[in-house]
Amino acid sequence: MKIATWNINGVKARIDTVLAWLQEARPDVACLQEIKSVDEAFPCQPFEDLGYNVATHGQKGFNGVALLSKRPLEDVRRGLPGDDGDEQARYIEACVSTDRGAVRVGCLYLPNGNPLGTDKFPYKLAWMDRLRRHAALRLAEEQPFLLLGDYNVIPEPKDARNPQDWLGDALFQPESRQHFRALVNLGFTEAVRACTDAADTYTFWDYQAGAWQKNNGIRIDHVLLSPQAGDLLASCGIDKHVRAWEKPSDHVPVWVELAA
DNA sequence: ATGCCTTTGTCTCAAAGA
């Protein structure tokens with residue numbers, strides 16, 4: 001089965017682009033971030049017309065995540081555990097049954113954390129602590145589990161075309177990178193790096209200053225696989241060409257193919 | 001560089017994004 005993640009930067013503005021990509025890529029499960037829509041306003045029908053079941057966890061104006069699945073979404077859970085006072089819609093998780101067993105999928109939109117020096121950066125790090133604690137519980141279940149989405153973390157210098165440009169940015173702070181490593185080190189396989197160690201492997205190009213034309217990209221959308229999911233990994237890819245489409249998101253889809 | 005674009009809602013400006 002093919003499982004993908006994509007920060008679409010607004011479902012209202014991106015609906016035609018997302019539908020075109022779904023018809024081309026045909027993922028079995030798609031994790032969407034930054035839907036920027038409340039649940040009641042999310043356009044479920046066009047996705048259902050393509051054969052997808054839809055579950056959303058949105059809020060007004062910003063953030064918001066969604067799961068699309070050709071097979072039924074079971075045990076849908078909205079919100080990241082660990083802080084009942086957190087109002088930001090950044091996590092949704094569900095189970096999908098396959099002929100070869102169940103796969104659990106966690107779709108996340110990790111806080112950006114900029115600008116440094118505001119409460120946004122400690123919120124990012126606290127959110128990452130919560131994510132790590134939740135992931136540890138899931139790993140203890142010893143089932144195929146994928147944690148994928150927009151992590152807003154550049155893991156290594158090679159994951160940026162111009163790493164020096166990001167030294168003062170929350171995405172590339174040592175604390176952000178350390179928190180990401182701590183999550184992976186619980187026992188996940190980072191899928192893209194399991195498939196390629198190539199530089200110039202990016203998932204985001206800013207709208208500004210001709211970043212796409214200069215290939216001034218960064219790799220911040222990641223797919224983490226539990227050991228049981230990692231054993232099923234067949235291939236992975238980044239749909240870079242989508243960035244050149246009309247009305248693109250600033251992110252592109254990342255996907256894995258599992259033997260499940 | 002308080003810049004560069006793009007989206008959304010408060011809507012012709014501000015806020016957020018990365």
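Just so it is clear: chains get the letters A, B, ... in the order the sequence lines come, proteins before strands, and each one is counted from 1. Note that the coordinates shown come from a computational prediction; the quantities given were computed from them, not determined experimentally.
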Sticking with atom [atom1], work out how far [N] lies from [M], rounded to a whole angstrom.
N	M	atom1	value
B:dT10	B:dA15	P	14 Å
B:dT6	B:dA18	P	15 Å
B:dA14	B:dG3	P	12 Å
B:dT7	B:dT2	P	24 Å
B:dC4	B:dG9	P	22 Å
B:dA1	B:dT12	P	32 Å

Check: DNA chain B: A:Lys36 or A:Asn63, which has the more 5' nearest nucleotide?
Finding: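 Result: A:Lys36.
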
- Message: Heavy-atom nearest nucleotide on DNA chain B for A:Gly10 versus A:Lys120: which residue maps closer to 5'?
- Response: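 First, find each residue's nearest nucleotide; the 5'-ward one identifies A:Gly10.
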
Picking from [options], which would you name as closest to the side chain of [X]?
X	options	result
A:Tyr207	B:dT6, B:dT7, B:dA16	B:dT6
A:Lys12	B:dT7, B:dT8, B:dC5	B:dT8
A:Asn7	B:dC4, B:dA18, B:dT6	B:dA18

[N], OP1 or OP2 - any side-chain N/O from [X] closer than 4.0 Å?
X	N	value
A:His251	B:dA18	yes
A:Asn152	B:dA18	yes
A:Lys247	B:dT6	no
A:Asn112	B:dA18	yes
A:Tyr202	B:dA18	no

Atom-pair distance ([atom1] on [X]; [atom2] on [N]), nearest Å:
X	N	atom1	atom2	result
A:Asp206	B:dG17	CG	C1'	9 Å
A:Phe121	B:dA16	CZ	P	18 Å
A:Gln33	B:dA18	CD	P	10 Å
A:Asp250	B:dT8	CG	P	12 Å
A:Ile8	B:dT7	CD1	P	12 Å
A:Gln208	B:dT2	CD	P	13 Å
A:Ile154	B:dA18	CD1	P	11 Å
A:Arg90	B:dG17	CZ	P	6 Å

Any side-chain donor paired with an acceptor under 3.5 Å for A:Ser97 and A:Glu74?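 Yes, A:Glu74 and A:Ser97 have a side-chain donor paired with an acceptor closer than 3.5 Å.
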
Is a donor from one side chain sitting under 3.5 angstrom from an acceptor on the other, for A:Asp39 and A:Thr56?
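Side-chain D/A pair, A:Asp39 to A:Thr56: present.
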
* Where is the tightest heavy-atom contact between A:Leu80 and A:Trp127, given as atom of each residue plus distance? ->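 In this case the closest contact between A:Leu80 and A:Trp127 is CD2-CE2, 3.6 Å.
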
Exercise for review: Quick one: closest heavy-atom pair of A:Val192 and A:Cys236, and the distance?
Suggested key: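 Looks like CA-SG, 3.8 Å.
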
Give A:Asp150 one of three labels, base, sugar-phosphate or nothing, depending on what nucleic acid heavy atoms sit under 4.0 Å from its own.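 Since only primed, P, OP1 and OP2 atoms lie under 4.0 Å of A:Asp150, the category is sugar-phosphate.
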
| task | Select base, sugar-phosphate, or nothing to describe what A:Tyr151 touches, counting heavy atoms under 4.0 Å on all strands. | result |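 Here A:Tyr151 touches no strand at all.
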
Between A:His179 and A:Leu110, is there a side-chain heavy-atom distance shorter than 4.5 Å?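 A:Leu110 vs A:His179: side chains apart.
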
Where does the angle between the aromatic ring planes of A:Phe145 and A:Phe188 fall among parallel (under 30°), tilted (30 to 60°) and perpendicular (over 60°)?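 Geometry flag for A:Phe188 against A:Phe145: tilted rings.
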
